[in-house]
Amino acid sequence: MRCKYCGVEIDDDSGICPLCHELAVDDGGETHANFPPKTDKIKRRGSRVNFHNLYLSIAAIAVGVCVALNLTLTPDVYWFTIVMAVLAYGYLTVANTVLSNSSIWIKIFWQIFMIILILWAAQSVLNPLFEERNNWLLDYAVPIILGISVVALGITAASLINKEPSLLVDNLLISLIGFVPIILYATGVIDEVIPASICAGLCGLSMICFVAFAKDELWAEIVRRFHF
Amino acid sequence: MARKFSKWLRLDNSAKIFPMMANKNQQNLFCLAFRLYEDVEPAVLNEALVATVKRFPSINVKLKKGVFWHYFEEHTGKPRVYEAGPVALRRITPNNAGGFYFRISYFRNNIYGEFFHALTDGKGASEFMKSLLFTYFRMLGKDVDGEQLVLTVNSPPNPKEYEDSFQTYYQKKKLSELPIDSLKGQTAYMIPGAEFDGPGMGEINVYADAKAFLSFCRAHKATVTEMIGALFILSLYEAKIKPLNLPPQNIQLFVPINLRRIFPSETVRNFSLFSRIGVMSSGDMKMDELIAHIHEKLAADTQKDVLSAKISTTVYAEKFLPLRLTPLFLKKLIFNFSNLFFGKHKKTATFSSVGIMKLPESFRPLVRDCYYSIAANKKSPITVTAVTTFDTICINFTRSITDTDTEKAFVKYLHDAGLAVRVASNYWEVENAL
């Protein structure tokens, strides 16, 4: 194939000149494949519905409706804050936990943070109703959530120690956060010692177990994750 | 059962920046593609790939996020070959390449190797591809010999092959002694053009006889690199600046320099820096003057002491304690923020000349030719590369814009000089092509 306008030989069998896009003349010369052919399956930029835009649009409408209903029907109780927290949790679960390639500990950290945010919203709304201003969120909910997370992640890390050693460090980081309730108790922020102590105990046990039985793997993981 | 420790590698000095720069619209990828005389046998190629990748520990990796830096972890899975899709230099993600940061694909008699720049540079990738071809040919029962040009799968990997040579040649200096200004660059002319409405890039390969091209270069007392650089600048002027009657524009070509030529190294990881060739466009530009200018600039930028100072500067930045102690997400944020405001318009185009790809003579009846391409992006919409294999030189143009005016002007120069050229394209700008 040859282009009579550009004077070049065309190396593929497209029948058109890559430079001027005019029809090529078949001169009987050899042609070779260079590139795979175009297909119709190519996605156009922006043709796919973007999850983030869709979710945020629906969430904005939902929040607007809830705020309007809340202020009209029950202006004394701001229950729309719970709806906002649940919507934020839903967004984070899909964007950060399902779609993201972040490490397990980042995902768990955000899950814990968002669940605590929902419970905080619930506590803020519900406490005035019962006229009893107890701090059940920090006293009970936070230690229980952290304790369950550490146990679940600890079991997962122990069972996948060969396949996914990075879970060891994830477990260590979540375990360190697990000491927050007992620190809060020690500084007088919370009143209940038993849940905070159980949580700290579980975290301490988890750390001791991994240090005792997987010290080398844990150290190797720390070195690679924290190298600077 | 003995517990297995996964091996890991720090990213080399120049690789550290690539994962931070990568986003949905941009990833520093390049492709090395070989055209064979026979159609590819996918099952055999797959087997060859599995065997070859173990020979290259710095390529057989997953990219992981650390607290302060990214790092590579040994990939324990097996790579596989893919049937090449139409989208050239498609973004590599952990999901679409089996967790690897390279992708080997085939189409009829072509084998494509696409690599994320964090893994290796052009030289390292060519070593990997040569080894893959060698193993593939051997598995097909072909009579090939490495001729000491191929890292064969039978030889164990040498630790020097995955060293960070920037660290080897780093000389500790004071901040005031480092040529920081030389890395900054000037505001450059940006190539205008309509972007493709979707993923993928336009590719045009220009093939010519290597000896004829070399004679053409010698007639102008130029090397191949100098000649292609000069022709590209002239083409850019003819296609983009002259028709619009624009005032003089600062054309800045970004030319990677393979440091192994100056600093002996066996590494197959990144070991290259860059030179910026700046030219103010004008209607009086003469090819011989441009060649002389490029020659002078490349000669100055490839002096050992100049490069040594540049190596020390880039490694100094990496070793700078406040930077080291900044968490990765903050580093990325700072980097993208500064790039958004200060990194724009620093280069017009990238031009990389690989030179001669030394293949064993026993490959001659099996390998027709080879091309090398670098992903283009909004900031640098056209990239140009040149590589010579056996008797053929292939000049590749990869672009993120639809028009082919610059390529047309370039080929016209060659045609007017009496050189016979063959041209091939993926016709990305043409609807319903091929």
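Numbered from 1 within each chain, the chains take letters A, B, ... in sequence-line order.
Counting heavy-atom pairs under 4.5 Å between each of B:Glu203, B:His70, B:His415, B:Arg422 and chain A puts B:Arg422 at the top. The most heavy-atom pairs under 4.5 Å with chain A, out of B:Lys319, B:Glu83, B:Arg10, B:Arg108, come from B:Arg10.
Here the closest non-hydrogen pair linking B:Tyr427 and A:Asp12 is OH-OD1, 3.0 Å. Taking both residues in full, the closest heavy atoms of A:Val8 and B:Val421 are given as CG1-CG2, 3.5 Å, listed atom of the first, atom of the second, then distance. Heavy-atom minimum distance, A:Cys6 versus B:Lys408: SG-CE, 4.5 Å. Between A:Pro18 and B:Glu429, the shortest heavy-atom contact is O-OE2, 3.9 Å.
Within the 4.5 angstrom heavy-atom criterion, atoms from both the backbone and the side chain of A:His227 approach chain B. For a residue to count as touching a neighbouring chain, one of its non-hydrogen atoms must lie under 4.5 Å from one of that chain's; by this rule A:Cys17 touches chain B with the backbone only. B:Glu318 does not touch chain A: none of its heavy atoms, backbone or side chain, sits under 4.5 Å away. For B:Leu414, no part sits under 4.5 Å from any heavy atom of chain A, backbone or side chain. Of the atoms belonging to A:Val223, heavy atoms from both backbone and side chain fall under 4.5 Å from chain B. In this structure, the portion of B:Lys65 lying under 4.5 Å from any heavy atom of chain A is its backbone and not its side chain. Proximity to chain A (any heavy atom under 4.5 Å) is shown, for B:Phe68, by both the backbone and the side chain. Contacts of B:Lys64 with chain A are made by side-chain atoms alone, with heavy-atom separations under 4.5 Å and no backbone atom involved. Contact of B:Val411 with chain A is made through the side chain alone, with heavy-atom distances under 4.5 Å.
Atom CG of B:Asn110 sits about 6.5 Å away from atom CG of A:Asn34, to the nearest 0.5 Å. The distance from the CZ atom of A:Arg225 to the CH2 atom of B:Trp8 is 12.0 Å, given to the nearest 0.5 Å. Taking CG of A:Asp11 as the start and OG of B:Ser425 as the end, the distance is 11.5 Å to the nearest 0.5 Å.
Around CE of A:Met84, the count of heavy atoms belonging to other residues, nucleotides or ligands within 6.0 Å does not exceed 12. Heavy atoms from other residues, nucleotides or ligands lying under 6.0 Å from OH of A:Tyr185 number 12 at most. When the shell of 6.0 Å around CZ of A:Phe228 is examined, it contains 12 or fewer heavy atoms from other residues, nucleotides or ligands.
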For this session: List the steps and the verdict of side chain to side chain contact (heavy atoms under 4.5 Å, CB included) for B:Val430 and A:Ile16.
Result: CA-CA 10 Å; B:Val430 182; A:Ile16 53 171; 4.0 Å; yes
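A ring-ring contact (aromatic ring centres under 6.0 Å, His included) with A:Phe35 is found for one member of B:Phe107, B:Tyr371, B:Trp428 and no other, namely B:Tyr371.
Under the 4.5 Å side-chain criterion, counting only non-hydrogen atoms from C-beta, A:Leu19 is not in contact with B:Lys412.
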